[in-house]
Amino acid sequence: MQFINVVWLKRDLRLTDHAPLYSAIEEGSPVLLLYLYEPMLLNDPHYDERHWRFVWQSLEDIDRQLRKFNTQVLVLNSSAINAFSTLMTQFTIKHVYSHQEIGLKNTFERDKSISALLKEKDIKWFEFQTGAVKRGLKNRKNWDRDWQDFMRKPVLTPNLEQANWCTLPIESEKKWDIPYTWQTKARGIQTGGSELAWRTLEDFFDQRAFAYARSISKPEASRSACSRLSPYLAWGNISIREIYQAALKHWKTPGLRRNLIAFISRLHWHCHFIQKFESECAMEHRPVNIAYLDYPYEKQSHSIHFVKAWQQGNTGIVLVDACMRALIQTGYLNFRMRAMLVSFLTHHLNVDWREGIAHLARLFLDFEPGIHYPQFQMQAGVTGSNTIRIYNPVKQAQEHDPEGVFIYKWLPELRTIPVPLLFEPHTLTTMEAMMYNIAPDSIYLNPIIDLESAAAIARERLWSYRKRLDVKKEAARILSMHVKER
Ligand SMILES: Cc1cc2nc3c(=O)[nH]c(=O)nc-3n(C[C@H](O)[C@H](O)[C@H](O)COP(=O)(O)OP(=O)(O)OC[C@H]3O[C@@H](n4cnc5c(N)ncnc54)[C@H](O)[C@@H]3O)c2cc1C
């Protein structure tokens, strides 16, 4: 049987700055690139067809680059354990190479069983650090300095010409029957692949970044002025180091400096949040501040209709609904609007954060467990260590969408209402509602809650809970583990 090295692609779907592929090629044995569509993840509530389509587009992009080497990625629809067991019947696997996956508990458990299987067969598995995130870290000593060092190191680009590519097993030459809906582009949703990641990056630095800092909070302008690199980073079409180094090349461009400072600080946050999740992954199932386990949320039986209205963008609060509908259609929202959706769910509606987290994960094309969980909990106010923010959706709309461009786009049924009335249609008189052609039973005349009183109750509930001794004790522990350098 042929000796091979397997490079197991996960959320690192690229051929550049790729330490596992680099090392596998250097080792010299024939290289097999493997990607697994695992039923466990296909059925996981955090994922949606939009993610798998993006992955498929990314794999197609890799295959296009590999065509001249007469090889392609072996794509299987299989559990990892079955895939590796089958490969072992067709090849003698010398080594397995991959990046460490900072993922959900199910992928961590899967990795443990693969590790056991490979150990049993005496196959060495080389796992490489993902970005600047360190496995098993218990405090942040020197973390910032190490982040800088990592970002400044030369990228590790594999020499594809030099690679000894493996001949794929005959029966896999015809790829698994990929669902048709993954093979067609989705209108309004970003398309996957390294080529597009690089085009997005270049276009950002050449044109869009000049408006970055001033547009970052605006729901409409941010869609073009922010980098839009998040799905490419989440699925690994480009590495964070490649982006960082590209940003530095533009450091002296007149008019960019302030924007680049803001942008680079976010690249730092990217790893900072993933590191939090890596260091305390139990937050997938419980609040990072364990004292919030008893937080007095609405009972699930009461909150069910609130959750449904929020999920469908049908709460009667215009900016909340516009954001949710934009997200459903496009897979993207800027940071502030994501934070506002969580704040509305968990503060105004007093719904347990666990009832909303998978819904947003499914909708965010850039779903990254290590950012999503800590950010969601932070906005839900269950860390005890961050400033509590209750976003007022009316004020947010007035400040960041003053002409109503974003709201009109996503709630066309309100196009007849002029600003500033648009922001609070429930204040329209019966005559005005008739004049603007708004049906008397419209949710926008009778929103699911009264914003002001719900916010006042939430404020009292959040601040009084925060004074608890157990909350403070946990907050101190969180700060010393995840934030303070020692
Ligand atoms: C509740 C909630 C959930 C979120 N879930 C995710 C998620 O699953 N995946 C994800 O990539 N981002 C998530 N974010 C962070 C942020 O909203 C997105 O990274 C950003 O909006 C992506 O757009 P961009 O690429 O144009 O960002 P840019 O502003 O251009 O930033 C560049 C990159 O920096 C990183 N970044 C930017 N803002 C943040 C931030 N606040 N925290 C951590 N990293 C950041 C991202 O990788 C981003 O691509 C979440 C934020 C909130 C409030």
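The analysis underlying the following values was restricted to heavy atoms, covering all of them including side chains, and did not include hydrogens, waters or symmetry mates.
- Ionic pairing of E284 and K105 is not present here: no N-O contact between side-chain nitrogen and carboxylate oxygen is shorter than 4.0 angstrom.
- A heavy-atom distance below 4.5 Å is not found between the side chains of D366 and I371.
- Between E355 and Q300, some side-chain heavy-atom pair lies under the 4.5 Å cut-off.
- Aromatic ring orientation, Y47 versus H51: perpendicular (interplanar angle above 60°, classes split at 30° and 60°).
- Going from atom CZ of R67 over to atom CD1 of I62 covers 13.0 Å, rounded to the nearest 0.5 Å.
- In this structure, the ring of W353 has its center no less than 6.0 angstrom from the ring center of Y292.
- Counting heavy atoms from C-beta outward, D294 and R468 have side chains that approach closer than 4.5 Å.
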Show me, pair by pair, the donor-acceptor contacts under 3.5 angstrom made by side chains of residues 313-326, not counting sequence neighbours?
| from | atom 1 | to | atom 2 | distance (Å) |
| --- | --- | --- | --- | --- |
| T315 | OG1 | I317 | N | 3.1 |
| T315 | OG1 | D321 | OD1 | 2.7 |
| D321 | OD1 | N314 | N | 3.3 |
| D321 | OD1 | T315 | N | 2.9 |
| D321 | OD2 | T315 | N | 2.9 |
| D321 | OD2 | G316 | N | 2.9 |
| D321 | OD2 | Y444 | OH | 2.6 |
| R325 | NE | G313 | O | 3.0 |
| R325 | NH1 | E413 | OE2 | 3.1 |
| R325 | NH2 | G313 | O | 3.0 |
| R325 | NH2 | E413 | OE2 | 3.4 |
| R325 | NH2 | Y444 | OH | 3.0 |

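- Here the closest non-hydrogen pair linking P393 and H348 is CD-CE1, 4.1 Å.
- Smallest separation of non-hydrogen atoms from T181 and R53: O-NE, 2.9 Å.
- Closest of all the heavy-atom pairs between G381 and H347 is N-CE1, 4.2 Å.
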Mind running salt bridge (Lys or Arg N to Asp or Glu O under 4.0 Å) on R64 and D61 for me, showing each step along the way?
CA-CA 5 Å; R64 271 194 295 276; D61 178 89; 3.7 Å; yes
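- Cation-pi contact between R461 and Y465: absent, since separation from the ring centre below 6.0 Å together with deviation from the ring axis within 45° is not met.
- Sorted by first and then second residue, the side chain to side chain donor-acceptor pair (under 3.5 Å) pairs involving residues 190-214 (not counting sequence neighbours) are Q190-R228, E195-R199, D203-R208.
- A salt bridge is absent between K409 and D401: the closest approach of a Lys/Arg side-chain nitrogen to an acidic carboxylate oxygen does not fall below 4.0 angstrom.
- A donor-acceptor pair is defined here as one N or O able to donate and one able to accept, closer than 3.5 Å; such a pair exists between the side chain of S343 and the backbone of Y391.
- In this structure, the side chains of H18 and H99 come closer than 4.5 Å at one or more pairs of heavy atoms.
- The aromatic ring centres of W143 and H482 sit 6.0 Å or more apart.
- Judged by distance alone, the side chain of R257 and the main-chain N or O of W251 form a donor-acceptor pair under 3.5 Å.
- A distance-only check finds no donor-acceptor pair linking the side chain of Q65 to the backbone of L15 [under 3.5 Å].
- For R336 (side chain) and I216 (main-chain N/O), no donor-acceptor pair under 3.5 Å exists by modelled atom type.
- Of the possible polar contacts, one joining the H372 side chain to the I357 backbone as a donor-acceptor pair under 3.5 Å is found.
- Interatomic distance, CD of Q100 versus CG of D111, reported as 9.5 Å (0.5 Å rounding).
- Here CG of L360 is found 11.0 Å from NE2 of H46. Values are rounded to the nearest 0.5 Å.
- The ring pair (Phe, Tyr, Trp, His ring centres under 6.0 Å) pairs that include a residue from residues 298-341 are W310-H359, where partners are two or more places apart or lie in different chains.
- Residue-environment remark: CE (M434) stays at or below the threshold of 12 foreign heavy atoms within 6.0 Å.
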For L428 and L445, run side chain to side chain contact (heavy atoms under 4.5 Å, CB included): C-alpha distance rounded to whole Å, both residues' side-chain angles, the deciding distance at 0.1 Å, then the answer.
CA-CA 7 Å; L428 295 179; L445 299 180; 4.3 Å; yes
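- Between E280 and R477, at least one side-chain N (NZ, or NE/NH1/NH2) sits under 4.0 Å from a carboxylate O, which counts as a salt bridge.
- Residues I449 and F344 have side chains in contact (heavy-atom distance under 4.5 Å, counting atoms from C-beta outward).
- The two residues Q275 and A132 have their closest heavy-atom pair at OE1-O, 4.0 Å.
- A donor-acceptor pair is defined here as one N or O able to donate and one able to accept, closer than 3.5 Å; no such pair exists between the side chain of S215 and the backbone of K218.
- Relative ring orientation between W52 and W182 is described as tilted, the plane-to-plane angle lying within the 30° to 60° band.
- C271 SG to W147 CH2: the interatomic distance, rounded to the nearest 0.5 Å, is 6.5 Å.
- Annotation: side chain of S385 is not in contact with side chain of N289 (no heavy-atom distance under 4.5 Å).
- W235 carries R11 over the face of its six-membered ring, with the cationic atom under 6.0 Å from the centre and within 45° of the normal.
- With contacts defined as side-chain heavy-atom distances shorter than 4.5 Å, the pair L196/Q57 does not qualify.
- F423 is listed as a side-chain neighbour of I407, based on a closest heavy-atom distance under 4.5 Å.
- Although no hydrogens or angles enter the test, the distance criterion places no donor-acceptor pair under 3.5 Å between the side chain of R354 and the main chain of P287.
- Nearest heavy-atom pair across E474 and V288 is OE1-O, 3.3 Å.
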For C281 and F108: C-alpha separation, side-chain torsions, deciding distance, then whether side chain to side chain contact (heavy atoms under 4.5 Å, CB included) applies.
CA-CA 10 Å; C281 57; F108 187 63; 5.7 Å; no
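- The shortest heavy-atom contact between E242 and V155 is CG-CG1, 3.9 Å.
- For Y408 (side chain) and I417 (main-chain N/O), a donor-acceptor pair under 3.5 Å exists by modelled atom type.
- Of the possible polar contacts, none joining the H272 side chain to the D144 backbone as a donor-acceptor pair under 3.5 Å is found.
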Please walk me through it: do R110 and L41 pass side chain to side chain contact (heavy atoms under 4.5 Å, CB included)?
CA-CA 11 Å; R110 167 258 273 149; L41 293 179; 4.2 Å; yes
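- Note that CG of N334 is 10.5 Å distant from CD of E220, once rounded to the nearest 0.5 Å.
- Annotation: Q148, atom CD; neighbour count of heavy atoms from other residues, nucleotides and ligands within 6.0 Å is above 12.
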Verdict with reasoning, L349 to E298, per side chain to side chain contact (heavy atoms under 4.5 Å, CB included)
CA-CA 8 Å; L349 302 181; E298 202 68 55; over 6 Å; no
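- For the atom pair L13 CG and W56 CH2, the distance stands at 12.0 Å (nearest 0.5 Å).
- No donor-acceptor pair closer than 3.5 Å links the side chain of N237 to the backbone N or O of R14.
- Under 3.5 Å, the side chains of D450 and H426 contain no donor-acceptor pair of N or O atoms.
- The ring of F54 has its center closer than 6.0 angstrom to the ring center of Y232.
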